[in-house]
S.K.: 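Structure incoming, see below.
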Amino acid sequence: LKSVVGNRLVIIDAHLCLCKSIKALGHQTLTDSSGVPTAGINNMLDFIPKLRKAGASKIIAVFDNPEKNPFKEAEYARRGLLRDECAQRAANAQNVESKENLESRAWSIDEAVIWDAKNLLKLFGVDVHIAPVGFEAEHYAAHLANIGFGGHPGVVISDDTDTVMFGAPVVLMPRTGKADKSKTKYSVVAISHLLTMYSLTMPEFRRICIMLGCDFIDRTPGCGPVTALTRGKNLKPTDDQQRILDYVSSTPSGPTEIIPGQMNILALATWLSESKGFNYERVAKKLGLATTTSVKSLVILPSAAMLGQQ
């Protein structure tokens, strides 16, 4: 991790944080049957400190604008139908595990989850940016990464491959190993390496991505990776494909809301315990705080990881 994020701006696609916060902040399971915090809360509390310990020079989290993107109307409709289908199947499911899985897939992220994720990040000292109207968080994150910080391009952490299509210089994509699902591993995608490997320019790469389908347009019928790579350079895009190509190639612009991070580990531990029902002693220990018998008598002792020290 240090070799990728060291001395660089790190931009987090907030969807990744939202998924973690759903597991960690009580919107789904907080603890297992023995009352022990699940991997979700442990991963969430480890996530930002690990980036700091690895030497990230600055960390920003980017959220989608609450106003829906008109370029994704078809995708919104598809997701809505999928959630409805999962809800119906969950209502008729006999197996408890299957029912819980379907209910999870049917549930949509609401404002309460988004607020929790923003608050968690703010208390961890992470600046929160809201993408301009009409632009995706991944699009804006890729833009910020190309601007960079301190003379270095930034790194985007996202589980959405569209981030690569938008031109982020380096993308860290989380993947869960089959052997231990509680440990997150990352694939590193460097756009310069991809372009060199396949002898492509950035416009050609984006055209191939659109031919293969993305959140903004369906895959071209009969077009797979081999066809796209061998013929994509020469195929003329349809009017719809050109419209999406122009959009993904554009530079995000417009007003951006920024919520400055205010690192306060004591406030974070107190919020998690008093508002979210977490065991205070466990959370304080995880965050590197020394505790006595009560929240009131807590003594702040930030760990080296929290301070980003080696």
Side-chain angles (χ1 to χ4, degrees), residues 11 13-16 18 62-85 108-109 114 129-147 153-154 156-171 173 189-257:
I11 305 106
D13 175 3
H15 176 74
L16 182 68
L18 289 177
V62 179
F63 284 74
D64 285 326
N65 194 287
E67 186 173 323
K68 289 189 174 181
N69 188 335
F71 284 94
K72 289 183 67 174
E73 289 181 355
E75 180 64 13
Y76 294 141
R78 184 191 69 80
R79 293 176 184 178
L81 290 173
L82 180 60
R83 284 195 295 268
D84 291 344
E85 179 188 344
S108 60
I109 294 172
I114 295 173
H129 289 223
I130 313 301
V133 174
F135 294 95
E136 297 293 286
E138 306 93 274
H139 198 163
Y140 185 63
H143 170 61
L144 290 177
N146 277 297
I147 293 175
V156 179
I157 300 179
S158 176
D159 56 359
D160 193 329
T161 54
D162 282 354
T163 311
V164 183
M165 176 180 67
F166 284 125
V170 178
V171 181
M173 306 196 72
V189 181
I191 189 65
S192 60
H193 180 67
L194 280 177
L195 297 180
T196 299
M197 181 185 297
Y198 295 106
S199 300
L200 296 170
T201 63
M202 194 64 205
E204 290 169 343
F205 175 72
R206 285 184 171 133
R207 181 182 299 180
I208 288 172
C209 291
I210 289 170
M211 290 175 64
L212 292 173
C214 60
D215 282 351
F216 306 95
I217 196 166
D218 291 335
R219 179 175 64 87
T220 302
C223 179
V226 175
T227 301
L229 284 170
T230 55
R231 301 178 58 196
K233 293 182 181 181
N234 301 317
L235 289 178
K236 183 179 179 180
T238 65
D239 290 344
D240 282 345
Q241 288 175 335
Q242 186 61 54
R243 181 174 66 90
I244 300 302
L245 183 60
D246 291 340
Y247 167 72
V248 301
S249 302
S250 65
T251 300
S253 59
T256 303
E257 180 185 356

S.K.: Would you say that more than 12 heavy atoms from the other residues, nucleotides or ligands in this model lie under 6.0 Å from the CZ of Arg219, or not?
M.R.: yes

S.K.: Taking all non-hydrogen atoms of both residues into account, name the closest pair between Pro132 and Asn65 and its distance.
M.R.: C-ND2, 3.7 Å

S.K.: Is Asn146 reaching over with its side chain to a backbone N or O of Gly167, donor-acceptor style, under 3.5 angstrom?
M.R.: yes

S.K.: Quick one: does any side-chain atom of Thr196 pair with a main-chain N or O of His193 as donor and acceptor, under 3.5 Å?
M.R.: no

S.K.: Taking the side chain as C-beta and beyond, is there a heavy-atom pair between Val156 and Glu138 under 4.5 Å?
M.R.: no

S.K.: What distance separates Asp215 CG from Ile217 CD1, expressed to the nearest 0.5 Å?
M.R.: 12.0 Å

S.K.: Over all heavy atoms of both residues, which pair between Thr201 and Leu195 is shortest? Give the atoms and the distance, please.
M.R.: O-CD2, 3.8 Å

S.K.: Of all the heavy-atom pairs spanning Leu212 and Pro225, show the shortest one and how long it is.
M.R.: CD2-N, 3.7 Å

S.K.: Say you draw a straight line from CD of Gln242 to CG of Leu245; how long is it, rounded to the nearest 0.5 Å?
M.R.: 5.0 Å

S.K.: To the nearest 0.5 Å, tell me how far Leu229 CG sits from Leu200 CG.
M.R.: 6.5 Å

S.K.: Just wondering, are more than 12 heavy atoms of other shown residues or ligands nearer than 6.0 Å to CG in Asp218?
M.R.: no

S.K.: In terms of relative ring orientation, are Phe166 and Tyr247 parallel, tilted or perpendicular, with 30° and 60° separating the classes?
M.R.: perpendicular

S.K.: Hey, mind stepping through Tyr140 and Thr256 against side-chain contact (heavy atoms from CB on, under 4.5 Å) and telling me if it holds?
M.R.: CA-CA 10 Å; Tyr140 185 63; Thr256 303; 3.4 Å; yes

S.K.: Between Glu75 and Arg78, is there a salt bridge with N-O shorter than 4.0 Å?
M.R.: yes

S.K.: Is it true that a side-chain atom of His139 and a backbone atom of Ser250 form a donor plus acceptor pair closer than 3.5 Å?
M.R.: yes

S.K.: Once you round to the nearest 0.5 Å, how far does OG of Ser192 lie from CE of Met202?
M.R.: 11.0 Å

S.K.: Once you round to the nearest 0.5 Å, how far does CD1 of Ile11 lie from OG of Ser158?
M.R.: 11.0 Å

S.K.: Do you know which two heavy atoms are closest between Asp160 and Met173, and how far apart they sit?
M.R.: C-CE, 3.8 Å

S.K.: Is any side-chain heavy atom of Phe216 less than 4.5 Å from a side-chain heavy atom of Asn69?
M.R.: yes

S.K.: Just checking Tyr198: does its OH atom have more than 12 heavy atoms from other residues, nucleotides or ligands closer to it than 6.0 angstrom?
M.R.: no

S.K.: I need the minimum non-hydrogen distance between Gly222 and Thr227, along with the two atoms involved.
M.R.: O-OG1, 4.3 Å

S.K.: Taking all atoms of both residues into account, what is the closest heavy-atom pair of Pro66 and Ile130, and its distance?
M.R.: CD-CG2, 4.0 Å

S.K.: Any side-chain heavy atom of Asp13 within less than 4.5 Å of one from Glu136?
M.R.: no

S.K.: If you measure from CD on Gln241 to CZ on Arg207, what distance do you get to the nearest 0.5 Å?
M.R.: 9.5 Å

S.K.: Is there a donor-acceptor pair closer than 3.5 Å between any side-chain N or O of Asp64 and the backbone N or O of Ala137?
M.R.: yes

S.K.: Run Phe205 and Val164 through side-chain contact (heavy atoms from CB on, under 4.5 Å) and show every step you take.
M.R.: CA-CA 10 Å; Phe205 175 72; Val164 183; 3.8 Å; yes

S.K.: Looking at Met165, Arg206, Lys72, which one forms a side-chain contact (heavy atoms from CB on, under 4.5 Å) with Cys214?
M.R.: Met165

